[in-house]
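Have a look at the structure below, then the notes.
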Amino acid sequence: MSTPLVSQELGAFLRAHREQLKPADVGLRSTARRRTPGLRREEVASLSGVGLAWYTWLEQGRVTASRQVLEAVTRALQLDAAGLRHAMRLAGYHEPAAPADGGLRAAVQPVLDSWPLSPAVLLDRHFDLLGWNAAWAALWGPPEAVPADRRNLMWLMAADRRLRGVLHDWEPLAMNVFQHFRAQAGPALADPRTGEVYRHLDQDAPELRHWWGCHSVAELTARAVVVEPAGIGPVRLTLSSFHPVDDPSALVLLFTPAGAEDRARMTSLAEHPLRSVPDRQAG
């Protein structure tokens, strides 16, 4: 059964996507007198095959929906697979896996260390850093330099001056990280650690407050990334990710050098990493 907070999250998620759609997107005619942004509630209700009062209560967090009905609503709102999964989780149809523990870290650390030139990190379901390799520390700075309660990928992407300064085209990757976190968190948005991470983000990167207030979701996609550590020159990396079989709620991120020159520059960085990071918090 959905908790009140989760029901409100689901309602806000559906409402946000309803307001983004235009009548023409779903085959409806628009009128000059339309004042509501996006679709009206009655239009979504009709497209979904449910009553207007019930759909209104769904957006208000006052009712729960069956899987079948929620699938119909998400089809009407033209949500993709990530959006459907997120809606199902917010409705309580997915129980978050148990948090990754030291056993998982011990099992995955040798895998991370087997990539000496490819920065890699193990994240738990809150995107807290559980383990990393020497290449990750050499490129982004040692995670030990970050307070333990801020040793989180979303915080690093938003508020770590070192990471933002080294990474080209920072915003698309950072936004994708936030969208993926929201997509997989689902009901975990209500748990204490997630709330703590958001409070740190609100305090340390207030200019990005609209990011964690939005309701967009997406899978974390493989992509080309360019970084430029001081004195090394640009390094092209390919980002990929996978879930450890022992805990599908955990995530490994791997940044692989794209070519021979990139591997050479990562070798140079590995031999002469920056040991000191005086201030890693964004101003």
Side-chain angles (χ1 to χ4, degrees), residues 2-20 37 59-61 82-83 85-87 89-90 92 94 96 99-100 121-130 132 136 140-167 169-221 241 249-251 253 277-283:
S2 299
T3 65
L5 178 57
V6 168
S7 297
Q8 292 169 14
E9 283 284 339
L10 174 61
F13 177 70
L14 297 176
R15 182 172 61 254
H17 284 273
R18 173 173 61 83
E19 293 175 350
Q20 293 171 14
E59 281 198 2
Q60 293 172 347
R85 284 193 294 273
H86 184 58
R89 288 167 178 166
L90 289 179
H94 173 82
V121 65
L122 171 64
L123 308 173
D124 71 6
R125 65 188 177 95
H126 300 107
F127 282 22
D128 286 336
L129 276 64
L130 294 180
W132 51 87
W136 175 277
W140 305 124
E144 297 95 332
V146 179
D149 61 346
R150 285 169 166 79
R151 206 171 294 160
N152 177 277
L153 183 64
M154 291 201 299
W155 187 90
L156 291 170
M157 295 298 299
D160 186 347
R161 178 178 296 150
R162 166 77 183 278
L163 189 150
R164 289 179 63 165
V166 168
L167 181 64
D169 295 328
W170 158 82
E171 186 169 345
L173 177 58
M175 177 62 79
N176 193 201
V177 167
F178 275 78
Q179 291 170 328
H180 182 72
F181 174 80
R182 181 173 285 277
Q184 81 160 22
L189 287 170
D191 74 22
R193 174 54 182 160
T194 299
E196 181 181 41
V197 171
Y198 279 132
R199 286 192 295 275
H200 290 328
L201 290 168
D202 196 58
Q203 175 183 337
D204 300 335
E207 74 280 6
L208 301 177
R209 188 169 292 146
H210 60 288
W211 281 19
W212 38 97
C214 77
H215 292 272
S216 60
V217 295
E219 297 298 325
L220 188 62
T221 56
S241 64
S249 74
L251 184 68
L253 301 185
V277 184
D279 181 4
R280 296 193 61 169
Q281 183 169 317

With a 4.5 Å limit on heavy-atom distance, are the side chains of [X] and [Y] in contact?
X      : Y      : result
Val217 : Phe13  : yes
Leu167 : Leu173 : yes
Leu201 : Leu208 : no
Val177 : Phe181 : no

How close do [X] and [Y] get, counting heavy atoms only, and between which atoms?
X      : Y      : value
Val166 : Trp140 : CG1-CZ3, 4.2 Å
Asp204 : Trp155 : OD2-NE1, 2.8 Å
Ala218 : Asn176 : CB-ND2, 4.1 Å

When rounded to the nearest 0.5 angstrom, what distance separates [atom1] in [X] from [atom2] in [Y]?
X      : Y      : atom1 : atom2 : answer
His17  : His86  : NE2   : NE2   : 7.5 Å
Met157 : Trp170 : CE    : CH2   : 7.5 Å
Arg15  : Leu10  : CZ    : CG    : 10.5 Å
Arg151 : Leu129 : CZ    : CG    : 8.0 Å
Arg161 : Leu156 : CZ    : CG    : 14.0 Å

Under 3.5 Å: donor-acceptor pair, side chain of Arg164, backbone of Ala159 |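 Not a single qualifying donor-acceptor pair exists.
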Asp124 side chain to Leu130 main-chain N or O, any donor-acceptor pair under 3.5 Å?
-> no
Taking the six-membered ring for Trp, are Phe178 and Trp211 parallel (under 30°), tilted (30 to 60°) or perpendicular (over 60°)?
-> perpendicular
For Leu253 and Leu220, what are the C-alpha separation, side-chain angles and deciding distance, and is it a side-chain contact (heavy atoms from CB on, under 4.5 Å)?
-> CA-CA 10 Å; Leu253 301 185; Leu220 188 62; 3.4 Å; yes
State which residues pass side-chain contact (heavy atoms from CB on, under 4.5 Å) with Glu196; sequence neighbours excluded, sorted by chain then number.
-> Asp149, Arg193, Arg199, His200
Does Arg209 have any side-chain contact (heavy atoms from CB on, under 4.5 Å) partners at least two apart in sequence or in another chain, and if so, which?
->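 side-chain contact (heavy atoms from CB on, under 4.5 Å) check on Arg209 returns Asp202, Pro206, Trp212.
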Worked check of side-chain contact (heavy atoms from CB on, under 4.5 Å) between Glu9 and Arg182 = CA-CA 11 Å; Glu9 283 284 339; Arg182 181 173 285 277; 3.4 Å; yes
Mind checking side chain to side chain donor-acceptor pair (under 3.5 Å) for Glu219 and listing every partner two or more places apart, or none if nothing turns up?
->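 Per chain and number, Glu219 pairs via side chain to side chain donor-acceptor pair (under 3.5 Å) with Arg85.
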